[in-house]
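For reference, the structure discussed in these notes is given below.
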Amino acid sequence: MRILTKKTFSLWVKPLLWLQKRHFGNILNPAKLWGQKPVLFWLVALFFGYLDRKKSPIDAVIRSLVCVRVSQLNDCAFCVDANGMKLAERCHSLEKIKALAHWQSSDHFSEQEQAVLAYTEAMTLSDQHVSDEMLAALATWYSSDDIIELTALVSFQNLSAKFNTALDVPAQGFCSLPIQPQQRSHDEK
């Protein structure tokens with residue numbers, strides 16, 4: 001990581017770190033950075049916790065597809081690793097997981113998933129823009145409130161991936177599946 005992490009953390013942060021260690025067997029690398037700013041850490045944790053709740057109007061598999069795709073597009077090694085593990089837990093199709101980086105040319109994705117992934121890429125890639133047609137396609141499956149929540153999820157994952165990429169947060173070996181970022185040529189970067 002590009003910033004040294006502290007050896008000790010505030011009492012405000014320790015409960016979250018304890019939960020991570022209990023759940024993952026280790027403290028997550030980004031938490032070592034966010035934990036240096038307790039208020040930000042709690043806000044980020046609560047925000048993502050809300051977006052990834054069981055009663056979300058966005059299906060759990062679709063939420064994970066979004067998180068991994070944004071992670072791939074941002075070349076975030078930690079995010080692909082951690083979100084890939086969650087996708088593997090939720091999605092029972094190895095073919096779909098392997099095809100995510102090239103979803104446009106795959107028949108493993110439903111129309112709904114394709115609409116969500118197109119919207120996700122339009123929000124994430126600086127050379128693309130969200131269109132009225134994309135929103136109309138999403139409206140086939142989602143209410144306006146649901147689209148706002150989906151937009152928040154894509155935005156959050158972009159924040160997380162950009163934070164981790166900027167500070168060179170490494171993967172932790174959570175996901176052993178072949179979930180590689182989309183390889184772009186030098187001309188596209």
Side-chain angles (χ1 to χ4, degrees), residues 1-2 24 28-30 33 44 47-48 51-52 56-131 133-138 140-142 146-147 149-189:
M1 290 191 274
R2 290 190 170 116
F24 296 102
L28 300 180
N29 286 333
L33 296 168
V44 166
F47 187 29
F48 184 69
L51 292 172
D52 201 41
S56 170
I58 313 300
D59 174 77
V61 171
I62 289 179
R63 290 194 313 266
S64 288
L65 288 170
V66 164
C67 290
V68 172
R69 189 66 189 127
V70 170
S71 302
Q72 291 172 330
L73 293 169
N74 282 292
D75 295 323
C76 178
F78 174 83
C79 301
V80 170
D81 182 34
N83 292 321
M85 177 188 71
K86 186 67 94 176
L87 178 59
E89 290 171 358
R90 291 175 171 173
C91 179
H92 302 292
S93 170
L94 183 58
E95 293 78 23
K96 182 181 283 192
I97 293 169
K98 287 179 179 180
L100 182 56
H102 306 285
W103 64 269
Q104 302 92 332
S105 59
S106 172
D107 59 356
H108 294 292
F109 298 90
S110 69
E111 283 185 50
Q112 181 181 11
E113 290 167 337
Q114 290 175 22
V116 168
L117 290 168
Y119 184 68
T120 297
E121 289 191 3
M123 284 185 62
T124 301
L125 298 171
S126 60
D127 63 343
Q128 293 188 25
H129 301 283
V130 172
S131 68
E133 292 78 18
M134 287 177 184
L135 290 170
L138 291 174
T140 303
W141 298 279
Y142 301 110
D146 298 344
I147 293 171
E149 190 161 324
L150 174 63
T151 304
L153 176 64
V154 176
S155 299
F156 172 85
Q157 189 55 49
N158 270 290
L159 171 135
S160 180
K162 289 180 185 305
F163 178 91
N164 293 332
T165 301
L167 298 178
D168 198 26
V169 176
Q172 287 185 257
F174 293 121
C175 184
S176 61
L177 295 176
I179 305 175
Q180 299 303 316
Q182 178 175 344
Q183 298 299 314
R184 292 185 273 167
S185 69
H186 260 335
D187 296 337
E188 291 179 280
K189 287 186 180 181

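The chain is numbered in sequence order, starting from 1.
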**OP:** Go through the steps to decide whether R90 and V61 satisfy the test side-chain contact (heavy atoms from CB on, under 4.5 Å), and finish with yes or no.
**Re:** CA-CA 6 Å; R90 291 175 171 173; V61 171; 4.1 Å; yes
Subject >> Distance (rounded to the nearest 0.5 Å) between E113 CD and S106 OG >> reply: 9.5 Å
Subject >> Ring geometry between F78 and F174 (parallel below 30°, tilted from 30 to 60°, perpendicular above 60°) >> reply: perpendicular
Subject >> side chain to side chain donor-acceptor pair (under 3.5 Å) against T151, all qualifying residues, sequence neighbours excluded >> reply: Y119
Original post:
With a 4.5 Å heavy-atom cut-off, do N29 and P170 have their side chains touching?
Top reply: yes
Subject >> L87 side chain reached by L100 side chain, heavy atoms, under 4.5 Å >> reply: yes
Original post:
Are the side chain of T140 and the backbone N or O of A137 linked by a donor-acceptor pair below 3.5 Å?
Top reply: yes
Subject >> Evaluation steps, side-chain contact (heavy atoms from CB on, under 4.5 Å), between V154 and N158 >> reply: CA-CA 6 Å; V154 176; N158 270 290; 3.6 Å; yes
**OP:** Supply the atom-to-atom distance Q72 CD to N83 CG, rounded to the nearest 0.5 angstrom.
**Re:** 10.0 Å
Subject >> Donor-acceptor contact present, side-chain D168 to main-chain R2, <3.5 Å >> reply: no
**OP:** Can you establish whether the number of heavy atoms outside E95 located under 6.0 Å from its atom CD is more than 12?
**Re:** yes
**OP:** Considering non-hydrogen atoms only, spot the tightest contact between H108 and A99 and give its length.
**Re:** CD2-CB, 4.2 Å
Original post:
Would you say the side chains of T120 and R69 form a donor-acceptor pair under 3.5 Å?
Top reply: no
Original post:
How far does CZ of F47 sit from OG of S160, to the nearest 0.5 angstrom?
Top reply: 11.0 Å
Original post:
Taking the side chain from Q114 and the backbone from F109, do they hold a donor-acceptor pair closer than 3.5 Å?
Top reply: yes
Original post:
What are the two closest heavy atoms between H92 and E89, and how far apart are they?
Top reply: CE1-O, 3.9 Å
Subject >> Closest approach of I97 to A88 (non-hydrogen atoms, all atoms of both residues) >> reply: CD1-CA, 3.9 Å
Original post:
How would you list, by chain and number, every residue that makes a salt bridge (charged side-chain N to carboxylate O under 4.0 Å, His left out) with K86, sequence neighbours excluded?
Top reply: none
Original post:
So how far is it from C79 SG to L73 CG, rounded to the nearest 0.5 Å?
Top reply: 11.5 Å
Original post:
Who passes side-chain contact (heavy atoms from CB on, under 4.5 Å) against S56, sequence neighbours left out?
Top reply: R53, I58, R63, E149
Subject >> Minimal non-hydrogen separation, A118 against M134, with atom names >> reply: O-CE, 4.0 Å
**OP:** Would you sort out whether V169 and L33 count as a side-chain contact (heavy atoms from CB on, under 4.5 Å), showing the intermediate values?
**Re:** CA-CA 9 Å; V169 176; L33 296 168; 3.6 Å; yes
Original post:
How many angstroms lie between atom OG of S110 and atom CD1 of I62, to the nearest 0.5 angstrom?
Top reply: 6.0 Å
Original post:
For A77, does its backbone N or O pair with a side-chain atom of D81 as donor and acceptor, under 3.5 Å?
Top reply: no
Original post:
Hey, mind stepping through L153 and C67 against side-chain contact (heavy atoms from CB on, under 4.5 Å) and telling me if it holds?
Top reply: CA-CA 8 Å; L153 176 64; C67 290; 3.9 Å; yes
Original post:
Looking only at side chains, do T165 and N74 share a donor and an acceptor under 3.5 Å apart?
Top reply: no
**OP:** Compare all side-chain heavy atoms of F24 with those of Q172 and state whether any distance is below 4.5 angstrom.
**Re:** no
Original post:
Is there side-chain contact between Y142 and V116, with at least one heavy-atom pair below 4.5 Å?
Top reply: yes
